[in-house]
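Contents: one structure, followed by commentary.
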Amino acid sequence: MGYSLSILLSYFSIIARLTSNGYTGVPFDENYYVTWANNHASVLDQGREVQLSLDQSSGAGFVSKQSYISGFFHMMVKLPDKDSTGVITTFYLNSTSGAHSELDIEFLGGRGGPYVLQTNVYANATGNREQRIHLWFDPLSDFHDYQILWNQHRIVFFVDNIPIRVFKNNIKIGVSYPTNPMQIVGSIWQSDWAAGGGNKINWTQAPFEAHYRGFDIQACNSQQCNNSWWNQDKYWELSPDQLKAYQHVRAKYLYYDYCSDKPRYPNPPPECPSNS
Ligand SMILES: *[C@@H]1O[C@H](CO)[C@@H](O)[C@H](O)[C@H]1NC(C)=O
Ligand SMILES: *[C@@H]1O[C@H](CO)[C@@H](O)[C@H](O)[C@H]1NC(C)=O
Ligand SMILES: *[C@@H]1O[C@H](CO)[C@@H](O)[C@H](O)[C@H]1NC(C)=O
Ligand SMILES: *[C@@H]1O[C@H](CO)[C@@H](O)[C@H](O)[C@H]1NC(C)=O
């Protein structure tokens, strides 16, 4: 339609570069700690990078020291540079109290591209809201920025500042919305489910190593949050440019959406119409 994604992408990647340059200063230890398998996690580059590795003995994970109730969360991630069938690399938010909430970004490893990014939203202990997109770049060769905006009005998942998923606050039509404190998590683990179709992880390729950068946190955990930039009315809706980019991603890269999975949900869940 004459509308060029490449212009948009270059516009957004400039923003991504500018912002990611600003991110590099904060060392891992300031905001995060390793919770799972210290011997499979290495802090590199004076605290600016963390490597998590998966082998037959263990995966690994880290979490934020604090929990948050809103923010613009992000992590720069470079995926294992291997045949990573059956390997799941994650960046997500997980509730630390109350009925379970989770905002997930999961990379489902595979053999060659295109690579699959799965998102999911749990609120009040209900999930099963998977969406999957193919990434439009090679996430193994470089760091890219994966982001989650969470305020009282909506949750937006982004890749390099391009919106890939919107989950609005639909409490008025009875759809639960995450409001309890959540912790930021990064992890790598093995899953036969993700390998799919009887495929298996190829352990002779181990260790599988995921790299994370960008340990600054723009989020807050008290009522004082109300004046934070991500809670301002500008962030209650996508801008017209973001909306175009979102529609383009949905048209071109979205290949699984629970909302259109008829066998699974003969009647689409109530939140679906307003989020697409
Ligand atoms: C989420 O956090 C809870 C409470 O800290 C913990 O028990 C649970 O294992 C975590 N789940 C995930 C998927 O990280
Ligand atoms: C959360 O789920 C419980 C049990 O299904 C339900 O009783 C409650 O009303 C829900 N709360 C919200 C805020 O949706
Ligand atoms: C597993 O990896 C090894 C080492 O790279 C390779 O030689 C072998 O062909 C792989 N096996 C499968 C089933 O892909
Ligand atoms: C902040 O916003 C919440 C939720 O909208 C509201 O309940 C609370 O009163 C506000 N707090 C302040 C200090 O404005």
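The chain is numbered in sequence order, starting from 1. Only heavy atoms go into these numbers, but all of them, side chains included; no hydrogens, no water, no symmetry mates. Whatever order the structure lists ligands and atoms in, that order sets their numbers, starting from 1.
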Query raised in the report: What do you think, any protein heavy atom under 4.0 angstrom from atom 2 (O) of ligand 2?
Result: yes
Query - Closest protein heavy atom (residue, atom, distance) for atom 13 (C) of ligand 1 - result: Tyr92 OH, 3.5 Å
**Report entry** Atoms in ligand 1 with a heavy atom of Glu102 nearer than 4.0 Å
**Finding:** 13 (C)
Query raised in the report: Strictly under 6.0 Å, is that where the ring centroids of Tyr92 and Tyr122 end up?
Result: no
Requested in this report: Go through the side-chain N and O atoms of Asp241 and Ser239 and say whether any donor and acceptor fall under 3.5 Å apart.
Outcome: no
Query raised in the report: At what distance is the nearest protein heavy atom to atom 12 (C) of ligand 3, and which residue and atom is it?
Result: Asn202 ND2, 3.3 Å
Query raised in the report: Out of Tyr235, Trp230, Phe158, Trp150, which residue meets the ring pair (Phe, Tyr, Trp, His ring centres under 6.0 Å) rule with Phe72?
Result: Phe158
Query raised in the report: Is there a path from Trp36 to Val63 through hydrophobic residues (I, L, V, M, F, W, Y) whose side chains come within less than 4.5 Å of each other?
Result: no
Query raised in the report: Between His134 and Tyr255, what is the ring plane arrangement, given parallel below 30°, perpendicular above 60°, and tilted in between?
Result: parallel
Requested in this report: Verify the contact flag for atom 9 (O) of ligand 2, where contact means a protein heavy atom under 4.0 Å away.
Outcome: no
Query raised in the report: Do we see a donor-acceptor contact under 3.5 Å between the side chains of Thr204 and Asn202?
Result: yes
Query raised in the report: Which heavy atom of the protein is the closest neighbour of atom 14 (O) of ligand 2, given with residue, atom name and distance?
Result: Ser176 OG, 2.8 Å
Query raised in the report: Got a protein heavy atom sitting under 4.0 Å from atom 5 (O) of ligand 3?
Result: yes
Query - Polar atom proximity, Thr204 to ligand 3 (N or O, under 3.5 Å) - result: yes
Query raised in the report: Do any N/O atoms on Asn94 end up under 3.5 angstrom from N/O atoms on ligand 1?
Result: yes
Query raised in the report: Any non-hydrogen atom of Ser95 lying under 4.0 Å from ligand 1?
Result: yes
Requested in this report: If you have a sec, work out which protein heavy atom is nearest atom 11 (N) of ligand 2 and how many Å separate them, to one decimal?
Outcome: Asn124 ND2, 2.9 Å
Query raised in the report: With a 4.0 Å cut-off, would you call Lys78 and Glu49 a salt bridge?
Result: no
Query raised in the report: Measuring from the heavy atoms of Gln183, does anything fall under 4.0 Å of ligand 1?
Result: no
Report task. Report yes if the distance between the aromatic ring centroids of Tyr146 and Phe107 is under 6.0 Å, otherwise no. Result -> yes
